[in-house]
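Beneath this line is the structure, given in structure tokens, with notes to follow.
Throughout, a chain's letter reflects where its sequence line sits, starting with A, and its residues are numbered from 1.
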Amino acid sequence: MEAFLPIGILFLFAVAVCVGIYVLTNLLGPRIFQKNKLSTYECGVQNPLFETNARLPFKFRFYLIAVIFLLFDVEGAFFLPWALVYRESLQVNANLLVAMLVFSLFIILGLIYVFQNNYLNVD
Amino acid sequence: MDLTELSIVSIKTLLIYVAFIHVVPVMIWVERKGAALIQDRPGPNRVGPFGLFQPIADAVKFLFKEDPVPKEVNRLLYNLGPFLILLPSSLIIAAIPVGDRVEIFGRDVLLQVADIDVALLFFLSISSLGVYGILFGGWASNNKYSLLGAMRSSSQVISYEIPIALAAANAVMFYGTFSLRQMVLQQEGVILGFLPNWGIWFQPIGFLVLFVALFAETNRLPFDLPESEAELVGGYHTEYGSMKFATFFMAEYINLATASALLVTLFFGGWHVPWLSDSWLLLKLGSQNLVALVQVSMFVAKVSVLLCIFVWVRWTVPRFRFDQLMHLAWGNLIPLGLANIIITAILLYFFEGR
């Protein structure tokens with residue numbers, strides 16, 4: 001754990017910079033009240049469409065991308081420990097190579113499935 | 001760990017952090033001058049010689065501006081957003097080895113914030129936390145432009161994380177370690193009698209995949225859809241003002257510096273001087289601290305070259321369309337990364353297996 005202590009120190013420095021930025025802007029910046037300043041930025045046209053809440057339901061496709069990302073990122077994460085020991089394991093036998101080839105076959109099949117169903121098209 | 005060691009570590013951490021933060025003003029100047037050079041105009045030339053003090057003037061201006069909070073926003077997340085982007089980009093500095101070691105008061109001090117065994121994993125995991133800041137900032141602003149920018153940006157950043165993981169797996173497979181320091185140590189010396197022993201000669205496709213994916217991960221121009229000025233005004237930071245707005249750009253430039261540093265570490269020999277070995281340098285210079293100075297300058301030089309390439313590409317290549325962007329990640333980079341892993345594995349088997 002001692003190797004991670006400097007990261008804690010760095011974290012403290014980074015938090016200090018963030019808090020410093022926040023405090024400095026609040027201390028140094030002027031405060032002039034104006035009603036229009038507090039309104040949401042828009043194109044300037046008086047249109048009821050723009051004055052509603054922006055948090056509307058969004059396209060389901062974005063959610064789908066997140067799910068697909070999750071699957072593939074987990075698969076990518078499986079590669080990392082395998083990659084760490086691969087070169088050493090070659091001194092013994094080629095089992096890991098075969099295992100990885102089978103595993104990547106499944107990833108490629110998954111990728112083909114994603115493309116066949118056009119899941120990544122957000123338009 | 002006693003008090004002397006703790007203070008040495010703290011000072012070292014502070015120095016490296018400050019050095020990386022100073023990339024921001026330098027890069028702002030380089031970017032504006034580079035843009036001016038490419039677009040054939042003078043660029044900033046009023047503040048100081050060659051406009052060198054322009055970034056300082058910008059920072060002062062940002063600090064003295066009012067910080068209005070629109071009334072529709074979610075205050076907590078709105079204030080948290082910029083800092084949640086800045087924090088991860090500051091934290092990943094810890095994994096980067098900027099030099100070998102120095103001797104202070106008879107102690108060996110490694111020129112790396114934390115020499116952890118899982119440095120590459122640390123880099124990947126912490127850098128992916130930046131997407132929360134983008135999402136918080138965009139959603140909390142309660143503005144349609146911001147929300148669209150945040151949606152685009154998050155789907156872009158998460159899509160390009162997979163090629164990064166694959167390229168990293170390739171590098172890990174080649175070097176047989178997660179520690180970035182060990183990777184650099186393996187890249188010392190000369191191969192074939194005339195090439196510096198750099199990782200790029202052994203894994204060129206891995207370099208290509210990582211290079212392109214890091215462009216997308218740092219939201220640089222060929223992939224800067226989240227903030228595409230022409231259509232989304234400013235993307236997820238439309239509603240921000242004052243120094244909070246500048247925080248997004250601080251984070252972007254620090255990310256740029258760490259991304260270049262990662263590329264240098266994995267593929268360009270890290271702190272090593274090309275063709276020269278560390279022991280030869282030590283013999284010639286006579287002092288470990290002088291060697292460290294040369295190494296750190298070499299590292300800074302390599303990172304600077306890559307940063308200039310980032311600027312060059314930004315002002316040369318036009319922006320992608322969103323479907324092209326997604327297709328580049330899922331249709332090109334991920335299959336390329338996978339194929340690269342398979343080919344490297346088979347080649348390693350033929351050269352080293354039995």
Kindly compute the distance separating [atom1] ([X]) from [atom2] ([Y]), expressed to the nearest 0.5 Å.
X        : Y        : atom1 : atom2 : result
B:Leu348 : A:Ser89  : CG    : OG    : 10.0 Å
A:Leu10  : B:Leu14  : CG    : CG    : 9.5 Å
A:Asn26  : B:Met243 : CG    : CE    : 13.0 Å
A:Phe103 : B:Ile342 : CZ    : CD1   : 11.0 Å
A:Leu12  : B:Thr13  : CG    : OG1   : 10.0 Å
B:Ile93  : A:Phe13  : CD1   : CZ    : 12.0 Å

Name the region of [X], side chain, backbone, both or neither, that has any atom closer than 4.5 Å to a heavy atom of chain A.
X        : result
B:Thr247 : side chain
B:Ile158 : both
B:Val131 : neither
B:Leu63  : both
B:Leu91  : both

Any side-chain heavy atom of [X] sitting closer than 4.5 Å to one from [Y]?
X        : Y        : value
A:Ile21  : B:Phe62  : no
B:Asn170 : A:Phe79  : no
B:Ser159 : A:Ile65  : yes
B:His327 : A:Phe115 : yes
A:Leu80  : B:Phe178 : yes

If you look at every heavy atom in [X] and [Y], which pair is closest and at what distance?
X       : Y        : value
A:Asp73 : B:Ile162 : OD1-CG1, 4.1 Å
B:Tyr17 : A:Ala14  : OH-CA, 3.5 Å
B:Ile21 : A:Val17  : CD1-CG2, 4.3 Å

What residue in A:Ala66, A:Ala77, A:Cys18, A:Gly76 has the most heavy-atom pairs under 4.5 Å with chain B? A:Cys18
Top contributor to chain B contacts, counting heavy-atom pairs under 4.5 Å, from A:Leu84, A:Thr25, A:Leu96, A:Leu101: A:Leu84
Test item: B:Tyr349 side-chain N/O and A:Leu90 main-chain N/O as donor-acceptor pair under 3.5 Å: no
Keeping the roles fixed (side chain from A:Arg87, backbone from B:Phe174), state whether a donor-acceptor pair exists under 3.5 Å. yes
Chain B contact via [X] - side chain, backbone, both or neither, heavy atoms under 4.5 Å:
X        : result
A:Ile68  : both
A:Tyr86  : side chain
A:Leu111 : side chain

Looking only at heavy atoms and a cut-off of under 4.5 Å, which of [options] has the most pairs with chain A?
options                               : answer
B:Ile16, B:Leu87, B:Leu86, B:Leu166   : B:Leu87
B:Ile341, B:Val69, B:Ile334, B:Leu120 : B:Ile341
B:Ala169, B:Ala114, B:Pro82, B:Ala345 : B:Ala345

Could you please spell out the steps behind the side-chain contact (heavy atoms from CB on, under 4.5 Å) verdict for A:Ile9 and B:Val113? CA-CA 9 Å; A:Ile9 298 173; B:Val113 172; over 6 Å; no
Using a 6.0 Å cut-off, check whether atom CD of B:Gln324 has over 12 heavy atoms from anything other than its own residue. yes
In this structure, are over 12 heavy atoms from other groups packed under 6.0 Å from B:Tyr132 atom OH? no
